[in-house]
2 protein chains.
Amino acid sequence: MEVTYKKCNTVDVLVVGAGPAGLMGAYALAKAGVCVRIIEKRATRVAVGHADGIQPRTMEVLKSYGLLDRVMKEGNELRTAAFYNPNPNKPGEIQLSERAPFFKPNMPGLRYDFGVTLHQGAIEQIFLDGMQDMDLQVDRSTIPIAIEVTIKNVDSSETEVVHAKYVVGADGAHSWIRRNLQIPVDESSTPYVWGVVDLVPETDFPDFRNWAGIRSDSGSCLIIPRERDMIRIYVQLEGQNAIDATKEAADGSKVKMGPEWILDVARKTLYPFTVVPKSFEWSSIYTIAQGVAFRYSVHDRVFIAGDACHTHSPKAGQGMNASINDTYNLAWKLVWVLRGWSNRTLLKTYEFERRQYALDLISFDKKLAKLISEKTHNESNVDGAMRTAYMSMIQKSTEFSSGIGVHYLPSDIVNIKNQGLASGIVIGKRMPPGTVVRLLDFCPIHIHDLLPSDTRFKIFVFAGNASSSAQLMRLQQLAAKIDTLRSLLGLDIVPGNSSQSGLDVLTILSTKLELALFNELPLMLRSHWSKVYVDHVDTNIHGTDHIQVYQNCDVEVDGTLVVVRPDGYVGAIATIDDFEHIKHYFSSFLETLK
Amino acid sequence: MEVTYKKCNTVDVLVVGAGPAGLMGAYALAKAGVCVRIIEKRATRVAVGHADGIQPRTMEVLKSYGLLDRVMKEGNELRTAAFYNPNPNKPGEIQLSERAPFFKPNMPGLRYDFGVTLHQGAIEQIFLDGMQDMDLQVDRSTIPIAIEVTIKNVDSSETEVVHAKYVVGADGAHSWIRRNLQIPVDESSTPYVWGVVDLVPETDFPDFRNWAGIRSDSGSCLIIPRERDMIRIYVQLEGQNAIDATKEAADGSKVKMGPEWILDVARKTLYPFTVVPKSFEWSSIYTIAQGVAFRYSVHDRVFIAGDACHTHSPKAGQGMNASINDTYNLAWKLVWVLRGWSNRTLLKTYEFERRQYALDLISFDKKLAKLISEKTHNESNVDGAMRTAYMSMIQKSTEFSSGIGVHYLPSDIVNIKNQGLASGIVIGKRMPPGTVVRLLDFCPIHIHDLLPSDTRFKIFVFAGNASSSAQLMRLQQLAAKIDTLRSLLGLDIVPGNSSQSGLDVLTILSTKLELALFNELPLMLRSHWSKVYVDHVDTNIHGTDHIQVYQNCDVEVDGTLVVVRPDGYVGAIATIDDFEHIKHYFSSFLETLK
């Protein structure tokens, strides 16, 4: 296909780095109509290896952009963990101890009760294809050489100055942007040395299509199934192996410790099971370092994101998720500032929210890395076997490892007043999952599907029982106030046209389906036929397995407003009579309401 | 994009007509690696109007090609029917009588318990895009002029002779192929005249996003919601209107009865509700003719399909479904004959199976058209209101209207012996839905997703409890016999490479998940890690709402073989010791087994 992409040297945002963090950012900004340029040092995208785990919350984010179907089609579902430990009756052999699900099936609060593995390059390609549709391409073999910002093609040595209002440094663990800005990292290395190899196996190991944690007398390894019949094996290197590997990793040579060598170490751990490689795809040796950058931004003009901000072990499968969610958090804020809607203080919440998350991640990772690597008995690991402590930690931390537990602390965009009006809808966390019935066509619709990543704030009007005339009167008053806010904000409400609109209003009635009357609602609450929902099912039409949202989330039935941010996190709650509180919420970061 | 498509004048199959039937056929054949050419009289595809209903079985077929996601994304879900009748208290006005689901929610036997509306052109575009990926395009403005076959570009008047082994005439109700072959149609016209208009409405009619059947003192109309906020209104024309419309339709003029005029007629029926058009998209006037062609083929070399075979009213939303399923039925048979695997008698089953279906469709349609059009009281319509008879007919005929009830009669490829071994898996009907758990990664998988339209026969080995050594022995014997069949057939089993393979073997154990041992099964039953399933759930991992397939389908747990045809219909059943019966089944149409 002919490249029609035109490079601009005056842009709104320059993204440095085209890994998952950079691509998520550039994709999200371009989709919102922002003029973006994205540059990348490497000449081609990552074809094999690297990160591969996609957690449930990241699946929700990808779904909100319409990208999840492809991930599901190309990736591998991961549901079950299996634990192997030394067989007490057969020295030198391992045996299955137990199996358990990563996430409890149909666990309330989870929309997806499983994870997906798919290599980083495939995820990158999905963003790249989406960007291509918006006529945006990555300038490859291109690096920043000064923060003014001048960029250079490393092949041709031609230089070019790019004028950008904002810069996002998503340029990896050795971030040039971070070093140039002299942002220190609070990093500590661990004593653990690991090898990793991706291969297609011929094997009699029973759990090679489940996540498998194996501890034998000769060491530890992890097996993680991947797309296209591949598996990844992580193997802990000990004794002389660890010393050799550390040396080899340090001087960059890869003479001895190639994929065959790493697999040989794993084979000892896996005995009596055998693994014969049909093909190798990738391998690497690494030591685990753990740390978080001290700052995420300089003057709220240059930001860092992804591995540039945080390094940790790959075992928990969190890396790509953390990176994607960094720029997902940043992108809509940049959009709101660039459109002139919000003042620049909004951008401060990026570091505030994402750095705390990274600190939590490192603390989680430290416990996990230690558990996997250590063999000694201790109080959380009484029998020295892998399962006990690991599973108990995983099960305790489902909220964290799935990503749904991310809880942003109070700020301009997280106002925790009125939490009691809907105790199941936690302010600062993402909107919980649930299903409501669309009034006009009786279709059950997932609440998350009402929250596309279109850069709009959504106001859910939990309107209660709108068949009473008193309640209708209150809704009329509310509608007038929302209308005024819309005028004040200078925002337009055009369904499906995200670049023209900053607000969406969705109504959820507690009225019985057969009593709910669309046409009696104020126009503002039914700007389109698809905007009105009922939290009630006709069992004749919908079956009986519906969980009611009002009840499940403990929503005040008298009438409650819930403001959801463009990234799906709950920002504020008020009664329908207290729209002043909602105005107050918006006024803390909106230019036009100051 | 540059057109790289190269026209061949020597092809395996020439498809005449690029409507839903022709495109389904060309797409299916091209996907199987067959050399196809497809020509179409019209210069461009249908952009608006025409057929729009997609029934559950057609959704299954589209899913089996990976095309359903896009249909769901672009189309409109249709779940609920609403019925309006004269308001006895307010003469001249209508009122809601009742609402009901088209298909009972979670009805056993239905994978999809709703329909989708999406205009024919959008469906065609999905096939066209899929064909483009396979470097196949429609030759437009091109008609056949002799059955030798010479084709001509109607714009340039250039002619070209195409040599084809087979011809599929999917060239519509006025089929040139059908007339050229002098195939008569047993057609009768009805007294009913209807107008149809597609528009985006501004309306206070409460059910404009549901299917709505309305009978008022001034006439009948139907409202069907469509994609992109559109609705379709069918309105029955009576008295002078009907006379005028018939005349106007006959002389082809469209002066008087445009969209505004049709809408005006509907407005009288809809009173007191109002409809203001925001935009019109399409309109038409028609009388209903009903009939089926006497033959579907000449010498099993030239076939007709779709509207060329059957005409009926559009009200039941069956037309596009019938057409797509005609060529879906034909395509794999042509593939098997063209590959030299099957003898040509296989092609006789196309007319045998699809003509009977068309006769059933016409009989269904006659009852339905009468019910909708007639106002008089009769025994099935005691109160003269629309709901009673209509809903009772719809509900009685869910199997038919959803498409899942299609039941092909005994033939070379439908052998009804041994039905008793699995009474819930009806020989001649499509494989029923159900979920099994993939042994090696514990993922719940829908049985239909094991039946992609890859032109392969699938043998389901319901292997029973494989943890007993006696049963394992029987499975070893079975495996050896399947292996022999494979050699005899000259078929290769290459996963994911459909053009090289005619057979797939899938094993479903009744063994408890934790006792099922993959590696002990014969290699033939586990040619790939994804081929072995368990009909048992670990409630800890999978929750509790699983319906067991053995029990639900009454499958003999001692060991049962089920042969499913490439189009998803069940062909034969045997015990695992009676592989002779399966060989006999294949020998009736396979060249190599004769």
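The existence of a salt bridge linking B:Asp229 and B:Lys278 is excluded, since no basic side-chain nitrogen approaches an acidic carboxylate oxygen closer than 4.0 Å. A salt bridge does not link A:Arg79 to B:Asp441: none of the charged side-chain nitrogens sits closer than 4.0 Å to a carboxylate oxygen.
Taking the six-membered ring for Trp, A:Phe442 and B:Trp211 have ring centres at least 6.0 Å apart.
Both the backbone and the side chain of A:Asn210 come within less than 4.5 Å of a heavy atom in chain B. When heavy atoms are compared at a cutoff of 4.5 Å, A:Asp204 approaches chain B by way of both its backbone and its side chain. Within the 4.5 angstrom heavy-atom criterion, only side-chain atoms of A:Phe208, from C-beta onward, approach chain B.
Geometric assessment of B:Arg526 against the ring of B:Phe518 yields a positive cation-pi assignment under the 6.0 Å and 45° thresholds.
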